[in-house]
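Note that this is a predicted model, so its numbers are computed, not measured. As the structure lists them, so they are numbered: ligands from 1, and atoms in each ligand from 1.
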Amino acid sequence: MATVRTPIDPVQFREVMGNYPTGVTVVTAVDDAGPIGMVVGTFSSVSLDPPLVAFLPQTRSGTYARLRNAGAYCINVLAHDQVDVCRLLSGPDPDKFDKVEWKPSSLGAPMIEGAVAYIHCSPRPPIDAGDHYIALCDVLSLEANRQTTPLLFFQGGYGGFSPHGMTAYGDADLIEGIRLAAFARPQIELLAREQQCEAAVLVAVTANELTTVGSAYGGEAKMSERIGERLPMKPPLGEAFIAWAPDAALERWLSGAARDPETVESLRQRLATLRAQGYAVSQIGPEGGSHRDQLVALMAEYAAGDLTPARERSLLGRMAQLMHFFDTSDFDDDGTYNLGGVMAPVLNEQRNIVMLLRLSQLPQSVDGRQVKRWISEIRAAAAAVESELRADDSVDLDQSLAWARSMFA
Ligand SMILES: Cc1cc2nc3c(=O)[nH]c(=O)nc-3n(C[C@H](O)[C@H](O)[C@H](O)COP(=O)(O)O)c2cc1C
């Protein structure tokens, strides 16, 4: 009796298969046109005797059309810190091999600097497998190159292996952030007391996340346990920090925005405006109250951690939808305003951000004069923290946090 098969929905196929994580490799070779590289998640060890490995290229891949005619491959296992290499090599840039460090193997195939391992092999004729091939390869030699964790791909997002689950960042970075926050402590206490609000200091502990490392409360502001709470820095979130980050960090942040050039351009403009004016204000519009409550709830969910990439994308997407009340505008002395927050950066000598001061839980329905007072108070506080930090020889601001180490390089 013939079995009737229900057709499989390709979207569901991808989504369900995305729950199975893979490593990320780059299969490289050379031909007359130069180096070739294909980012491949389907790499697998196949047989020990004889030593065989395989990967599954799409039949219509132009890159594989070149690879299949090459005589030798190097399969580069990417490390957790090579997302940029992966993005570059899987993209269409014709000069990609000028933008990554590599050297040729004895067989001529590119060995990418910083990869975890190299597997040198020669391809067998591809085996048909639906819309893919099974590309079996004889292993000729292999070497582990670097003692570090590999890059992982899961639910369409990149991550790393951690024996303790999805930890967000090392304790060392958080502790260093808290140490820096101590320099701002007198200023945030003063601000909270005098401006009757919550005053906090935030640092970046990774290129994608800010965390609160100190806060103080005055007036009606409610105590909330925010220390160590993670806030995402993906467009449009985190603009008040990233506006003062070095260009490399700023570009990386922008590259996480929607692909359409208009959105990217308007975000770029906004960052330039913030940078020029020296502070950021978030204003709550007519729908602001309920939007802000929803945003706070989403932030809390994000901060709770242990997010899978799919869950993180959904949360960030919903947050981005609620962000349209986050608009800075000119303030009329006699206008009435409801502000979500007032933020100012503490900068190092190179004018790069070290930490962000933030006023929140501010009294509502205030006039423009009051808004301007808050702006000038927080900027004065940030300047005071800057001189404190510069006066202290024990702090090397460019080196103190892992985030800064990678971004100020
Ligand atoms: C993480 C990751 C894993 C990938 N894995 C595969 C794979 O296993 N097989 C494949 O054919 N393409 C894979 N791709 C896509 C290719 O790297 C490449 O982008 C694609 O072949 C480009 O099309 P082209 O070869 O026609 O230029 C992967 C891409 C990424 C980013």
Side-chain angles (χ1 to χ4, degrees), residues 8 10-11 13-46 52-70 73-100 102 109-112 114-119 121 123-137 139 148-161 166 208 234 252 255-259 308-310 312-313:
I8 303 283
V11 174
F13 186 89
R14 280 222 179 93
E15 221 171 81
V16 175
M17 292 304 173
N19 287 301
Y20 184 64
T22 71
V24 182
T25 62
V26 188
V27 181
T28 62
V30 266
D31 65 8
D32 294 343
I36 317 166
M38 181 167 179
V39 174
V40 154
T42 54
F43 170 74
S44 179
S45 153
V46 174
L52 288 171
V53 293
F55 62 97
L56 310 179
Q58 280 193 28
T59 49
R60 57 189 165 80
S61 159
T63 315
Y64 181 66
R66 283 176 70 195
L67 274 179
R68 66 185 288 176
N69 294 319
Y73 297 163
C74 175
I75 296 174
N76 297 257
V77 179
L78 293 188
H80 70 277
D81 54 2
Q82 293 188 298
V83 177
D84 292 349
V85 173
C86 173
R87 292 218 163 98
L88 174 73
L89 293 179
S90 58
D93 189 337
D95 304 321
K96 47 180 116 169
F97 276 96
D98 297 340
K99 296 176 183 167
V100 357
W102 60 276
M111 296 166 71
I112 295 160
V116 178
Y118 305 112
I119 297 123
C121 51
R124 292 189 176 187
I127 302 162
D128 286 334
D131 56 11
H132 281 64
Y133 294 117
I134 299 171
L136 267 184
C137 307
V139 176
T148 190
T149 52
L151 181 60
L152 300 182
F153 190 68
F154 169 56
Q155 290 184 345
Y158 297 99
F161 175 82
M166 282 189 248
N208 301 320
K234 292 265 177 70
R252 181 198 283 242
S255 73
R259 293 276 158 209
T308 62
E312 180 176 357
R313 267 198 302 278

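Per-residue contacts place Q58 under 4.0 angstrom from the following atoms of ligand 1 (heavy atoms of the residue considered): 10 (C), 11 (O). If you number the atoms of ligand 1 from 1 as listed, the ones under 4.0 Å from a heavy atom of T42 come out as 7 (C), 8 (O). Heavy-atom proximity to P57, at under 4.0 Å, picks out these atoms of ligand 1: 11 (O). Interface atoms of ligand 1 facing M38, defined by a heavy-atom separation under 4.0 Å, are 10 (C), 11 (O), 12 (N), 21 (O).
Side chain of R124 to backbone of L52: no donor-acceptor contact under 3.5 angstrom is found. Side-chain atoms of T42 do not come within 3.5 Å of backbone N or O of F55 as any donor-acceptor pair. Judged by distance alone, the side chain of D81 and the main-chain N or O of G114 form no donor-acceptor pair under 3.5 Å. Y118 places a side-chain N or O within 3.5 Å of a backbone atom of I112 that can act as its donor or acceptor partner.
Inclusion of Y64 in the set of residues having an N or O under 3.5 Å from an N or O of ligand 1 is not warranted. At under 3.5 Å, a nitrogen or oxygen of G62, whether backbone or side chain, sits near a nitrogen or oxygen of ligand 1. Between G41 and ligand 1, a contact under 3.5 Å exists for at least one N or O pair. Considering both main-chain and side-chain atoms, S61 comes within under 3.5 Å of ligand 1 through a nitrogen or oxygen pair. For ligand 1, the polar-atom distance check against Y158 finds no nitrogen or oxygen pair separated by under 3.5 Å.
Using a 4.5 Å heavy-atom threshold, the side chains of I75 and C121 count as touching. Inter-residue side-chain proximity for T28 and F97 is flagged as met; some heavy-atom pair is nearer than 4.5 Å. In this structure, V24 and L152 have side chains that are not in contact, with every pair of non-hydrogen atoms separated by 4.5 Å or more. The side-chain heavy atoms of T25 and I119, taken from C-beta on, include no pair separated by under 4.5 Å.
Counting heavy atoms under 4.0 Å from ligand 1, residue F154 does not touch it at all.
Classification of the Y158-F153 ring pair by plane angle, with boundaries at 30° and 60°, yields tilted.
Within a 6.0 Å radius of CD in Q58, more than 12 heavy atoms belonging to other residues, nucleotides or ligands are found.
Ranking the protein heavy atoms by distance from atom 24 (P) of ligand 1 puts T63 OG1, 3.4 Å first. The nearest heavy-atom contact from the protein to atom 18 (C) of ligand 1 is S90 O, 4.3 Å.
Remark: distances from the non-hydrogen atoms of F153 to ligand 1 include one below 4.0 Å. In this structure, F43 has no heavy atom closer than 4.0 Å to ligand 1.
There is no protein heavy atom closer than 4.0 angstrom to atom 20 (C) of ligand 1.
Taking all heavy atoms of T59, V40, V24, L56 into account, the minimum distance to atom 9 (N) of ligand 1 is reached by L56. Ranked by closest heavy atom to atom 30 (C) of ligand 1, the top entry among V39, V27, T25 is V39.
In this structure, R68 satisfies the cation-pi test against Y133, with its NZ or CZ atom closer than 6.0 Å to the six-membered ring centre and inside 45 degrees of the ring normal.
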